[in-house]
Structure formats: structure tokens, C-alpha cells
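Excluded from the calculations below are hydrogen atoms, water molecules and symmetry mates; all remaining heavy atoms, backbone and side chain alike, are included. Order of the sequence lines sets the chain letters (A, B, ...), proteins ahead of strands, with each chain counted from 1.
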There are 2 protein chains.
Amino acid sequence: MLERRRARRRVTSEDVASQAGVSRSAVSRTFTPGASVSQETRDRVLRAAKELGYRRNALARSLTTNSTDLIAVVMGYLSSQYEPYFFGRLTARLQRMHKRALLVHVDDSDEVGVPLLEALSYPVEGAIVAAGSISPETAEECMRLGIPLVLSGRAIEADGVDAVCCDNFRGAQLAAEALVNAKHKRIAYIGGKATIQAEVERSAGVRDGLAAHGLSLFAEERGDFSFESGYRTALTLLRADQPPDAIFCCNDAMAMGAMDAARHTVGLAVPDDVSIIGFDDIPMAAWPGFNLTTLRNPVDEAVDNILDLLQRRIERPNLPPVIRRIRPVMVRRGSAKLAQL
Amino acid sequence: MLERRRARRRVTSEDVASQAGVSRSAVSRTFTPGASVSQETRDRVLRAAKELGYRRNALARSLTTNSTDLIAVVMGYLSSQYEPYFFGRLTARLQRMHKRALLVHVDDSDEVGVPLLEALSYPVEGAIVAAGSISPETAEECMRLGIPLVLSGRAIEADGVDAVCCDNFRGAQLAAEALVNAKHKRIAYIGGKATIQAEVERSAGVRDGLAAHGLSLFAEERGDFSFESGYRTALTLLRADQPPDAIFCCNDAMAMGAMDAARHTVGLAVPDDVSIIGFDDIPMAAWPGFNLTTLRNPVDEAVDNILDLLQRRIERPNLPPVIRRIRPVMVRRGSAKLAQL
DNA sequence: CTGAAAGCGCTTACAG
DNA sequence: CTGAAAGCGCTTACAG
């Protein structure tokens, strides 16, 4: 019975101190790199700590050191193929930096305000927003609380808020140019949800790329970034009297849906009858069945930049806000007929 | 300049108290549901809190209440398609229970010991292990620290450790039976990494299901759960002099790889030339291009059970350990010729 | 209903 | 190098 109650109460530095016959200060010092403790004291403390199973309480510690190593990370359902890939990298890197991710879940298109602010009752050192949308008011509130904010894939103009985004406009321009150079004449676009920044920018980019050659979009549909929506909208495009000879899709999942529609349902060859280009270069894009030509949205580079900006702003909270744009690169695989380089 | 310094220091209950002209106790009470405060005091505190942008510090609070609402969650790179799906659900549910996930990242096949134990310096109320492997020693250590542990998809025998797993053996049996009933004669198996529990159990199950009808595996290959490995090993099977007429794969990703190999590379029709069955029923299995027949590993049911067990053990730490098995269900789509039900 | 005080588990000047 | 003491931001008996 005694055993049981003992198991439940966490061992404290006081326990270790009395077991080792030293003060709590000595215990604290042995676990603080660089603090001055004699070898003998240190050994006794270490021994006692081991016997008792002591682990210092990071929270109690943070109360005095004022550093928690906690970073709030806002994520959604990870339902796209891109998100989990990004997220896995991000959390791995965070851990390597000895920071801990405190998760905030938001339904994908919700404003992050309430759940994020709730999470901020834990004294995090910063927050990374990689899902949902964030209002200027929420950003302002974080600023007031002194919590540095870094947005991923979404940018707003606000003091103390940094962002890293793919250069979506440029990427879509590249896709349009490559398609035009390969003599495609009827270039269609399948967009994502109109409220999402990536859609706005990619949509503008493809139009701009076409306009530079005196062309405009031959046809256009709107999906919701899901495979299914790519499949469905591609069907509409490909069954028209005049089908497109190329489709640029706002993300890879929709591009894959479009490939499926062309090949399995309409009976068209890709890329011989229709070229298809996606965006993101998720791992699945390289699968032989898809072998998708796409614009790579470089995950590691994005993660590096996010962490770098966060660090910077933790150290110097009053820096002017920055938006870093990551250059996408064209990955040529088999789903589009493109001119030789 | 003063402004700046003010922004950096977090507003405390002391600040609110003096602004409102009340004691810290009063502040604490207004934020503690059910505590007795007069309406007037409450109003003044609320007003002051709002003006100052006060948010009570969950960590400082936890020091006295002894409850942090923090749950450590061990995850990997989310590289399979199943993991992010599972993980998104888990964190959503956790948040709805007003628990916060503290993330622990492990490289997928590593032992979780070091990173998990490090995370436990934060006073979490429990831990969920959904990636990596866990040694009895690590489990024992968690037990000593009084941290309830629930494993997902992996089971070990240890006091104070609960687990929820798919009934993999049963699922694989079902696949074997369905294939035999549909008169397949040459049934092959593509396994996953031999060290993973799901592989061990699914492999045993398919053999058992076959043996019940006097059959045994016609051929066998080993992949690593990735699409690529399914593709590669299926190629070997299908290019043999005597190819199988059915392939059961240890997970959906490999089954999709096998489908791709059959259709795009070898030129075989699925299911007319070869039936293919996967395991898990990841969202992608339903995509038209795959339309994969598979065993559903029910995510929501798993999550419910994990959370239920965790709750139970937090309340009653000394309960005997339990392993809950979730029944998989056969999802009949188009990738396998099966007998009518 | 309210406030002064003790306490949660730690760290860090301070004095020795 | 070491320990006693104060303090981090909160909560909770206790007394009024």
C-alpha cells in the first residue's frame, strides 16, 4: 500500500536532497550544466536521483528560468498528402532543437483564434501556424501576449508575425511556360478552394504565364484540393466537345485524380492525349502509377526557414515582419509532354 | 521603450489583482468555475483582466492543482498513409477532451525510450505510443514515474500498460477465406518488415486461413510497407513462370504498389488476371484508380479505445493491464474477384 | 464573500 | 563549493 502511494507521487528535488544528505540547491546544481558542485556532491546526488527515479519537473523549472522550450504548433486533420510530410519533418527538427511541440488542432478551414489562444495559457515560447486561417485580431492578441508567431503557407500583414510560403505565383508561371513551350494549345486549370492563399496565387500565376505568350485559360474548374474533386472536375473538362490538351492542377492530389479520370474513366492516354501537371511534389507523385510532373514545394527548406524565423523573433521580438518565399522547382516526370531543356 | 518591456513580461494575477483593487485569491476564484466570488468582484477582475490581456499560466496553475491536461504522444514521420489519418483523429479527440498533446518524435523503428523519457520531465498525465517500439524497461520506467501508458498498434506485457491493436490475425484470416471461397488457387503474400507486430500477426493469419482449407501460401515476398516495395516485390511474383492468381498484401500502400506493377508494368488486369487485397483501408484505397478491396482497420474505434483506456488508468492506476483488439471488417471493392455474399 | 499565508517544485543571487 | 532564503505564478485551506 505504501509502495503504491509512493509510486503515485512524483519524486522531487527535496526527496533527492534528503536521500543524498545535501541541500536542494545542490540537487539543482548537479542538473544544471556549468553550475559549480564538487564531484563528490554530484555523485551522491546522481546516485540518490537514480535510486529514487528522479526527473526534474520541467514546468516548475520553467517558472524560475522563464524558458519552457514549448512551441505551439497548429495543425489540422493532415488530410492532404502534403501536410503529414511537412508535419513529420517539422516535429523532427523541433525535437532536434530541444523544443517540444504542443499541438493545437483546428478543423481545416476554421479560424485558429479560440483553440490557439487557449493553448497559449501554456507559456509557449512561440507558435507555428500550419493549418486553419488566422485573423489579424488573433495575430494581434498573440503579439500582446508576447508570443512570436510564424505562419506556414499563409501570410498576413501584422507586426511581429513572420511567414514562409512557397512562391506559388512563380511556380504556376513555370507550369504555364513549360506547357506553352511544348506547344499545348488548350490549357485548362483545376483550382482549389478560392479562400486558400495557395489557390489565389497559383491561379494568378498560371494566367500570368499564359498571358505572357498571348494566351489565356482554355477552360477552368474548381475543386477542393481532394483527389475526388480532381477526378470529378477533370471528367467535366475531358468530356467536353473540345477537351483541353493540358491540365494544370492546383495541387498533386487533384492532378492524380485528373490522371485517374483521364486514364481509367475517359480512356485517354497521359501524356499523349492530355498533359497533366500538379503542384507540391508529394512523395506519392513519384509512384510509378502516377509519375507526375509537378512543381516541388520544398519541405525541408520551408521547415528550415520557419524555425529560423521563429528563433530570430524569439531573440529579437521587435524586428520588422518578414515573409520568406520559397522557390518551387519543376520536377519533370512522365505526365506531361514538355519540350527538351 | 516602456511599452516594449511591458509587452514582453507576461501579465500575472498579481497585476490583475492590483489593477482591480482585489487580492490574488479573488482573481484566481473568478477564473475557477464554481468558486465563490461576488458578482461585483468578478466583474472588476474580468474587466481588469481584459484590459491587461491576462491569461492564467497553466503551468503555474498545474503546480498546485497537480493536473496539467498534458498527454505525451509519440509519433514518427507519418510516412505511411495510415498514420496521418489516425493521428489527425487522435489529436482532434484529445483536444475535444481538453487535453493537450505534447509531441514526441521518434524515427520510425527506434526504441522510444530516450525521447519519451525526456518528454516526461514535463509532468504529463499519460502517454500514448503510436510509433517506434517500446522496450519493457522503458515501460517499467514510465510505471515508476507513475505515467500511464497506452500503446497503439503494438502490445507488450507489462504492468500498468494498456494497448489497443487491430485484430490482425483475424483480418488476414478473413482475406484468406474470401480468396479461397472465390476459387483462387495460387495465393501469394507480400509481407512487411518482420519486426513489426502487424506483419507477424497478419502473416500468421493468412497462413492459418489458408490451412483451414488445406492450402498454403503459393509464394511469398517481403517488403517494408512502402508503395515502392509493394511494386517491386509484386513484379517478382508476377513475372515468375507461374504467377499467383491472388496477392494479399500486409498493408494498403504495398497493395497499391502491387496493383501498379500488375497494370502498368506487367500488363495484367486487376482483378481479372490477379486479385489484390490490402489491409487498413486508408482513404486512398477508395480512390477510383485503386478501388482497393481491403480490411478496414477502424481508426475511430481505435482512437476511442485508446482514450478510454487512458482515462481509466489515470483514474485507477492499479488496474490489471488490458489489450483491446479491434475487429477489422472486409471492405469489398473492385481489386479482387470474390464470391457473392 | 474575502484576503493573508502557506505551499506546489524548482532556481538563483547571496553570504559564508 | 555550499545551504538558507526568496521568488517564479498560481491555488487553497483557514480565519474572518
Contact list (N/O, under 3.5 angstrom) for nucleotides 13-16 of chain D vs protein:
residue, atom, partner, partner atom, Å
D:dA13, N6, B:Arg29, NH2, 3.0

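- Taking a 4.0 Å limit (strictly below) on heavy-atom distances, residues 53-72 of chain A reaches DNA chain D at A:Leu63, A:Thr64.
- For the pair B:Thr41 and C:dT2, the criterion of a side-chain N or O lying under 4.0 Å from OP1 or OP2 is met.
- Note on ring orientation: taking the six-membered ring where Trp is involved, the planes of B:Phe86 and B:Tyr82 are parallel (angle under 30°, cut-offs 30° and 60°).
- The shortest non-hydrogen separation linking B:Glu125 to B:Asp69 is OE2-N, 2.9 Å.
- Between B:Phe31 and B:Tyr54, the ring planes lie tilted relative to each other; the angle falls in the 30° to 60° range.
- Every residue meeting the side-chain hydrogen bond (donor to acceptor under 3.5 Å, both in side chains) condition with A:Gln197, not counting sequence neighbours, appears here in chain and number order: A:Glu201.
- DNA chain D forms stems at C:1-3 with D:14-16, C:5-12 with D:5-12, C:14-16 with D:1-3, each a run of 3 or more consecutive Watson-Crick or G-U wobble pairs whose two key distances fall under 3.5 Å.
- Note on B:Ser28: a base of the nucleic acid sits closer than 4.0 angstrom, heavy atoms only.
- Two residues are said to be in side-chain contact when any heavy atoms from C-beta on lie closer than 4.5 Å; A:Leu103 and B:Val73 fail this criterion.
- Using a 4.0 Å heavy-atom distance criterion, A:Ser36 is classed as a base contact.
- In this structure, A:Asp43 has no salt bridge (charged side-chain N to carboxylate O under 4.0 Å, His left out) partners at least two apart in sequence or on a different chain.
- The existence of a salt bridge linking B:Arg93 and B:Asp304 is confirmed by a sub-4.0 Å separation between a basic side-chain nitrogen and an acidic carboxylate oxygen.
- Between A:Arg10 atom CZ and C:dG9 atom C1' there is a gap of 10 Å when expressed in whole angstrom units.
- As rounded to whole Å, 16 Å separates atom C1' of D:dT2 from atom CG of A:Asp43.
- Counting non-hydrogen atoms of other residues, nucleotides and ligands closer than 6.0 Å to CG of B:Asp308 gives a total above 12.
- Considering only side-chain atoms of A:Ser23, the nucleotide from C:dT2, D:dG3, D:dT11 that sits closest is D:dG3.
- Contacts of A:Arg89 classified as salt bridge (charged side-chain N to carboxylate O under 4.0 Å, His left out), with partners at least two apart in sequence or in another chain: A:Asp300.
- Taking atom P in both C:dA13 and C:dG9, one finds a spacing of 23 Å when rounded to whole Å.
- Checking side-chain atoms of A:Arg47 against main-chain N and O of A:Ala20 turns up no donor-acceptor pair under 3.5 Å.
- For the OP1/OP2 pair of C:dT2 and a distance below 4.0 Å, the side-chain nitrogens and oxygens of B:Ser38 include at least one atom meeting the criterion.
- Here A:Tyr122 contributes atom OH and B:Leu59 contributes atom CG; the two are 7.5 Å apart, rounded to the nearest 0.5 Å.
- As rounded to whole Å, 11 Å separates atom P of C:dT2 from atom CD of B:Gln39.
- What separates CZ of B:Phe31 from P of C:dT2 is a distance of 15 Å, to the nearest Å.
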